[in-house]
Number of protein chains: 2
Amino acid sequence: MLDQPTDAAACASAPLAGGLDLDDAVALAQTLKALADPARLRLLSLIAGSSTGEACVCDLTGPLGLSQPTVSHHCKVLVDAGFLTREKRGVWAYYALIPGALDSLSGVLSSTGAPGGPTATSAARA
Amino acid sequence: MLDQPTDAAACASAPLAGGLDLDDAVALAQTLKALADPARLRLLSLIAGSSTGEACVCDLTGPLGLSQPTVSHHCKVLVDAGFLTREKRGVWAYYALIPGALDSLSGVLSSTGAPGGPTATSAARA
DNA sequence: CCGAGGCATCGACAGGCGTCAATCTCCCGG
DNA sequence: CCGGGAGATTGACGCCTGTCGATGCCTCGG
């Protein structure tokens, strides 16, 4: 231990009161973690590049080179993170991306560089 | 085998040629993964909120509640990802964030929703 | 020249995450 | 009513990563 006397502020000066609360940091990290995967990024890109703006699982397993359960798992993660919507039509499940979800995330990232930003606390959470 | 005759395109229609290459997806995922951590997000926020725009390790261990090696590890990850710069002044190492790094990432995320976007291929890589 | 202190690195451990094979459920066509 | 097929779920395995304790390096003050 060796305790920590009054010379704790040895190097810098400001007490460094961070603008990001721990709870908010965890939420934002979870949203980012949903995107921080090559398979999920390509999955979003595939759906975004589709002509109809939606795609079913059986069409995604081919281009991604992944098995069906894996694709289903990634879709579930993206739906849970608020990036995709799931619509069951007959036997097939069609996934479409929610417009604005990525935009709000971009706004949060840009506001990080601005000290005392507006409302970065409760964003990326439509 | 049951083979797969011409009914391969059973559900959808388009061959779904994704705009994101696998190599590009891996690179973007690695950049996002550097941010997808509560400790690193708070670390960036602390440095951004600092009056001088920079902070040394010994000042970050306190607010983050992490040990010194852990903070040093996170700083290394962020420097390697291109979000922070490391400047050794005397005994102390001062970290400052690179302006524009988060902005370019925001641009990439926004362009994902635009089919046939501009240059999302080689971004977030200053 | 030598001691002290801040930072980076190493080794180890626990937890989470991505992936697949196997199985189950649900819906449609005949 | 029954068979087939698409998707979701479960269980297991392996890898990656966050965390800490211990140690080494490097710089500054005396």
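So you know, we letter chains A, B, ... as the sequences are listed, proteins then strands, and number each from 1.
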According to a strict under-4.0 Å criterion, is B:Arg40 in side-chain N/O contact with OP1 or OP2 of D:dG18?
yes
Who are the side-chain hydrogen bond (donor to acceptor under 3.5 Å, both in side chains) partners of B:Ser67, not counting sequence neighbours?
B:Thr70
Measure the distance from CG on A:Asp80 to P on D:dA8 and round it to the nearest whole Å.
14 Å
A:Leu32 atom CG is separated from C:dC17 atom C1', nearest whole Å, by 16 Å
Can you tell me the distance, in whole Å, between the CZ atom of B:Arg42 and the P atom of D:dG18?
15 Å
Give the rounded distance in Å between these two atoms: CG of B:Leu66 and C1' of D:dT17.
14 Å
Those residues at least two apart in sequence (or on a different chain) that pass side chain to side chain contact (heavy atoms under 4.5 Å, CB included) with B:Ala27 are none
Rounded to whole Å, CD of A:Glu87 lies from P of D:dA8 at a distance of 13 Å
What's the NZ-C1' distance between B:Lys88 and D:dC28, to the nearest Å?
11 Å
Do B:Arg86 and B:Glu54 sit within salt-bridge range, that is, some charged N less than 4.0 Å from a carboxylate O?
no
A:Tyr94 OH to D:dA8 C1', straight-line distance once rounded to whole Å
17 Å
Could you give the CG-to-C1' distance, from B:Asp37 to C:dG16, as a whole number of Å?
12 Å
How is the hydrophobic cluster of A:Val26 composed, in terms of its other members, when Ile, Leu, Val, Met, Phe, Trp and Tyr link through side-chain heavy atoms under 4.5 Å apart, directly or indirectly?
A:Leu22
Which nucleotide in D:dT19, D:dA6, C:dT19 has an atom nearest any side-chain atom of A:Val91
D:dA6
Selection residues 60-75 of chain B - residue pairs positive for salt bridge (Lys or Arg N to Asp or Glu O under 4.0 Å), sequence neighbours left out:
none
With 3.5 Å as the limit, what N/O pairs link the protein to nucleotides 8-13 of chain C?
residue: C:dA8; atom: OP1; partner: B:Arg86; partner atom: NE; Å: 3.0
residue: C:dA8; atom: OP1; partner: B:Tyr95; partner atom: OH; Å: 2.4
residue: C:dA8; atom: OP2; partner: B:Ser72; partner atom: OG; Å: 2.3
residue: C:dA8; atom: O5'; partner: B:Ser72; partner atom: OG; Å: 3.3
residue: C:dA8; atom: N7; partner: B:Gln68; partner atom: NE2; Å: 2.9
residue: C:dA8; atom: N6; partner: B:Gln68; partner atom: OE1; Å: 3.4

Residues in side chain to side chain contact (heavy atoms under 4.5 Å, CB included) contact with A:Ser72, at least two apart in sequence or another chain
A:Gln68
